[in-house]
Peer 1: 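Next up is a structure, given as structure tokens.
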Amino acid sequence: MKTENAYWILVRDFEICLVNNEIPFGTAEQFNLNQHSILKIGEYQQSPVYLAQANSQESLGDFVNLRSQLFREEKLRLLMHKAVTLNHFFATHKFCGKCANPFELATNELALHCSNCGNRIYPTISPSIIVAVRRGRKILLANHLRHKGTIYTTLAGFVEVGEPIEKTVEREVFEESGIKIKNIRYFGSQPWAFPNSLMLGFLADYESGEISLQEEEIFDAKWFDCDEPLPELPPEGTIALRLIKETLRICRES
Ligand SMILES: [Zn+2]
């Protein structure tokens, strides 16, 4: 591995290391990565891609937040998200939850294995839903407290244990906005490594109700007409923006 040319995704929390604004490409020796915990996570442009866990004194390049890398082409963006999620998983699962023995990386699959009691666990993925709601030629967009006064976006939330995903979509929209929806359709998905979410995107139509905000999460929510100026929207590379664009397209055809 030391002499093989590869892409190296060095991760520190939610940051990855860039050299000259790109993922470092070269040999482990060249980047002095031999002492790192290294795992192959995929291929990119016919070369292997490795996750390397960065130490805090890393001086190879510049660490940037993963959120600043949404503009990358899809395949590379997905590998970056995979690396950050796996790094978070390893960092938070160092010991077996049954017997407290240190976990080891399994050799035959991507899992952690306890050689003392045989316990085996797989990388954690937390499913969540994200949904764009249409009412005639209008789209429901919310300004969440974490984006107070800036971005308006779709509604979203985590799937609860024992809950069918379609119910999550109905529940989250009702809890956050007071609106009942119908005609829920699956649209697509996006892994979101903050830290281990898998966002399942849906389109839906308004059924009944008036906007009533969940004040702990939502600062404002409104119906925006597709022919009138829109507020600031989420950035390119997010499933939220894809859902909004698709809904606006349907609005303009209706
Ligand atoms: Zn164990």
Side-chain angles (χ1 to χ4, degrees), residues 1-4 6-17 23-24 27-29 31-44 47-61 63-67 69 75-130 156-168 171-172 189-200 239:
M1 189 205 289
K2 285 179 185 175
T3 55
E4 168 190 45
Y7 288 94
W8 301 93
I9 306 186
L10 262 87
V11 180
R12 192 171 67 192
D13 295 326
F14 296 107
E15 294 179 330
I16 55 176
C17 180
I23 296 290
T27 64
E29 237 168 14
F31 295 119
N32 200 20
L33 295 171
N34 297 314
Q35 304 308 313
H36 288 63
S37 173
I38 283 168
L39 176 70
K40 186 179 176 190
I41 60 166
E43 296 208 337
Y44 183 64
S47 294
V49 178
Y50 288 97
L51 161 64
Q53 285 172 290
N55 63 45
S56 53
Q57 280 90 41
E58 213 67 58
S59 57
L60 176 65
F63 278 85
V64 299
N65 193 290
L66 183 61
R67 285 180 196 275
Q69 301 299 305
K75 187 160 189 199
L76 185 57
R77 194 178 70 218
L78 288 171
L79 284 162
M80 289 175 169
H81 278 254
K82 183 174 182 177
V84 169
T85 289
L86 282 173
N87 186 63
H88 180 267
F89 172 68
F90 296 137
T92 53
H93 294 80
K94 292 186 173 170
F95 300 93
C96 173
K98 275 187 174 172
C99 75
N101 202 52
F103 264 136
E104 296 157 22
L105 199 58
T107 52
N108 58 338
E109 58 183 347
L110 188 46
L112 291 170
H113 179 75
C114 174
S115 58
N116 184 47
C117 76
N119 184 24
R120 181 165 285 220
I121 61 166
Y122 295 86
T124 308
I125 299 169
S126 301
S128 60
I129 64 88
I130 179 163
F158 284 102
V159 179
E160 291 185 352
V161 173
E163 183 178 54
I165 288 169
E166 306 76 18
K167 292 291 171 201
T168 314
R171 177 180 57 74
E172 283 291 343
S189 65
Q190 181 171 37
W192 191 245
F194 303 101
N196 52 24
S197 182
L198 175 60
M199 294 196 292
L200 304 158
I239 192 169

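Whatever order the structure lists them in is the order used to number ligands and atoms, beginning at 1. Owing to the predicted nature of the structure, the values given are computational and were not obtained by experimental measurement.
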Peer 1: Decide if the gap between the ring center of Y7 and the ring center of Y50 is smaller than 6.0 angstrom.
Peer 2: no
Peer 1: Sequence neighbours left out, what passes side-chain hydrogen bond (donor to acceptor under 3.5 Å, both in side chains) with S47? Give chain and number order.
Peer 2: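 S47: no side-chain hydrogen bond (donor to acceptor under 3.5 Å, both in side chains) contacts found.
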Peer 1: I need the protein N, O or S atoms closer than 2.8 Å to the Zn ion (ligand 1), given as residue plus atom name.
Peer 2: C96 SG, C99 SG, C114 SG, C117 SG
Peer 1: Going by salt bridge (charged side-chain N to carboxylate O under 4.0 Å, His left out), name the residues that satisfy it together with K98, two or more places apart in sequence or in a different chain.
Peer 2: none
Peer 1: For K167, enumerate each residue passing the salt bridge (charged side-chain N to carboxylate O under 4.0 Å, His left out) test, keeping only those at least two apart in sequence or located in another chain.
Peer 2: E170
Peer 1: Rounded to the nearest 0.5 Å, what separates atom CD1 in I9 from atom CG in N87?
Peer 2: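 Rounded to the nearest 0.5 Å, the CD1-CG separation comes to 11.0 Å.
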Peer 1: If we count only N and O atoms by modelled type, under 3.5 Å, do the side chains of E104 and S115 hold a donor and an acceptor together?
Peer 2: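 Indeed, the side chains of E104 and S115 share at least one donor-acceptor pair under 3.5 Å.
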